[in-house]
Amino acid sequence: MRFEEVSDTEGSVLVRGLHPAITVVSAKADARSALTLAVAKMKDCTVLRASDVEEELRRAAIWVVEQHQGAVDQQRAKVAEAEQALQEAASANGRATRQAALAATDINRFDELANRLTMADEAYEASVHADAEAARSLAAALGELERILGQRHTATASLEQARNGRDKRAVPDAVIQQAITLQVALSKAEAERRAAVQQADEDLQAARLANREALSSLEQAHSALRTGMQTLNNNSPPWAEGVPLPGLIASFHDRLADALVGAEAAASQARSVEHGSRARLEQESRDLESLLAAGPPELDPLDTAARWVGSDLFMPEEVVFADDAFSRFGPEGATSLTTTLARRGCQVVYLTEDPEILGWAISLPRDAGAVSTMSSNSRHRNPALVND
């Protein structure tokens, strides 16, 4: 519904020629006040005063501050969340780093003990070979000595036979001389073989001593390996009794190496996560500092008022009496806001004494707006809207 004029209760016209869209009415302050005070009580009429605009700007400024504070609080929550995430990532990184260090320590300790056992095992095997060789050398020396003693016995038997063959008469000198020569040779050979036996026996005793020492070293290395493996974080393998085969040692080494690779990969991932968490915290902190440094944004009063009058707070078919409500924005701002209201479908009656606004209204096309005046005695009448 659109109204063409405002009349008092006695039928006298106070304002005539109201345009369906925009009407700029030339009226002094007292007349404007009286008219707006009266029409404010009428249905489907809204009165806008400069104080209403100021109040809306104040509410908008408060809203902006509240929005900014909400953004600050939200950003602070993000910073706190990032700090918590960083603490968790740092703890996880510390645990992963320690696990990797323990895995490295395990494989290093195992390799040290395993190498010691391997060396002791090889030394013991060599000592057994040396012991066996010494025993074989002694046996060979004893065999040679036994052979010499056998030859001595044979020579003695031959001499006795020669003596007995002459009816116990003296043995010829040639035979005696031959026996003496053989005696000298056998004696010399026997002495050499006894010396060889003595040396072989000493070598065997030394080999036996070295063998016992090597066996003791092997037992100690084996015991150290088993004891050391009990301190490893990785479960010990179910080895049988005795010194483990080299293949079993290598297999367990591979198991420890796999555990180390996995622990190092986990530590690398944990470091990456901590780095990302730290970068996130730094970014969130910078964003918070930027928010605090910038403070609440300053609203443009004209843009704020334009969004207000263009909102659903002003319904189509509503009649809006503006008592020079947009004067703070100057003629251009006032005319722009008035046009925005009209585009909402409102019938706008703008009351003012500003000649520039009146001139603007005069220049409007006939289908866009018009200018009117207000009776000087309107403040003494009770007005009423007259529709078309």
Side-chain angles (χ1 to χ4, degrees), residues 48-109 231-235 256-315 325-326 328-330 332-333 336-337 340-341 343-344:
L48 285 183
R49 298 180 176 85
S51 60
D52 297 327
V53 175
E54 294 300 327
E55 179 62 21
E56 179 58 29
L57 293 178
R58 188 186 69 81
R59 285 196 298 268
I62 293 174
W63 180 84
V64 166
V65 171
E66 291 175 347
Q67 288 296 107
H68 177 263
Q69 186 58 47
V72 169
D73 293 342
Q74 185 179 15
Q75 191 59 38
R76 281 186 173 137
K78 290 182 178 180
V79 170
E81 181 182 352
E83 288 176 344
Q84 179 65 27
L86 177 58
Q87 291 178 359
E88 294 175 357
S91 298
N93 184 24
R95 290 192 298 271
T97 300
R98 287 191 294 274
Q99 288 298 322
L102 288 174
T105 301
D106 282 351
I107 192 170
N108 290 335
R109 184 188 306 155
T231 66
L232 300 181
N233 293 284
N234 210 310
N235 294 330
L256 292 177
D258 291 341
L260 176 59
V261 170
E264 288 178 341
S268 177
Q269 176 65 22
R271 284 193 299 271
S272 178
V273 171
E274 182 181 2
H275 178 75
S277 298
R278 192 176 303 280
R280 176 193 170 194
L281 174 59
E282 291 174 354
Q283 183 60 51
E284 298 292 3
S285 298
R286 284 194 296 270
D287 292 344
L288 177 59
E289 291 174 0
S290 298
L291 272 175
L292 293 174
E298 293 188 6
L299 293 176
D300 181 86
L302 181 57
D303 289 343
T304 303
R307 286 194 297 270
W308 178 49
V309 299
S311 69
D312 291 340
L313 291 173
F314 297 92
M315 303 298 295
F326 308 137
R328 68 163 291 166
F329 304 109
E332 291 186 4
S336 174
L337 295 173
T340 300
L341 265 177
R343 287 174 181 166
R344 284 286 303 163

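If you read the sequence from its start, that first residue is 1, and numbering goes on from there.
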Could you tell me which residues satisfy salt bridge (charged side-chain N to carboxylate O under 4.0 Å, His left out) with E332, sequence neighbours excluded, listed by chain and number?
none
Walk me through whether V72 and Q69 qualify under side-chain contact (heavy atoms from CB on, under 4.5 Å).
CA-CA 5 Å; V72 169; Q69 186 58 47; 4.2 Å; yes
Please tabulate, for the side chains in residues 83-96, all donor-acceptor contacts under 3.5 angstrom to protein atoms that are two or more places apart in sequence or on a different chain.
from, atom 1, to, atom 2, distance (Å)
Q84, NE2, E88, OE2, 3.1
S91, OG, Q87, O, 3.0
N93, OD1, T97, OG1, 3.3
N93, ND2, E274, OE1, 2.5

Tell me if a side-chain donor or acceptor on S285 pairs with a main-chain N or O of L281 at a distance below 3.5 Å.
yes
Can you tell me how far CZ of R278 sits from CZ of R280, rounded to the nearest 0.5 angstrom?
13.5 Å
Mind jotting down which residue pairs meet the salt bridge (Lys or Arg N to Asp or Glu O under 4.0 Å) criterion with at least one end in residues 50-65? Sequence neighbours excluded, please.
E54-R328, E55-R58, E55-R59, E56-R59
Distance-only criterion, 3.5 Å: show the donor-acceptor pairs between side-chain atoms of residues 292-311 and protein atoms not counting sequence neighbours.
from, atom 1, to, atom 2, distance (Å)
D300, OD2, L302, N, 3.2
D300, OD2, D303, N, 2.8
T304, OG1, D300, O, 2.9
S311, OG, W308, O, 2.6
S311, OG, L313, N, 3.4

Non-hydrogen side-chain atoms of E284 and L288 separated by less than 4.5 Å
no
Side chains of L341 and L48, heavy atoms from C-beta outward: is any pair under 4.5 Å?
yes
Residue list, side chain to side chain donor-acceptor pair (under 3.5 Å) with R49, at least two apart or on another chain:
none
Would you sort out whether T231 and R109 count as a side-chain contact (heavy atoms from CB on, under 4.5 Å), showing the intermediate values?
CA-CA 10 Å; T231 66; R109 184 188 306 155; 2.7 Å; yes
Please name all residues satisfying side-chain contact (heavy atoms from CB on, under 4.5 Å) with E66, sequence neighbours left out, ordered by chain then number.
I62
After noting the C-alpha distance and the side-chain angles of R286 and Q283, does the key distance pass the side-chain hydrogen bond (donor to acceptor under 3.5 Å, both in side chains) rule?
CA-CA 5 Å; R286 284 194 296 270; Q283 183 60 51; 2.8 Å; yes
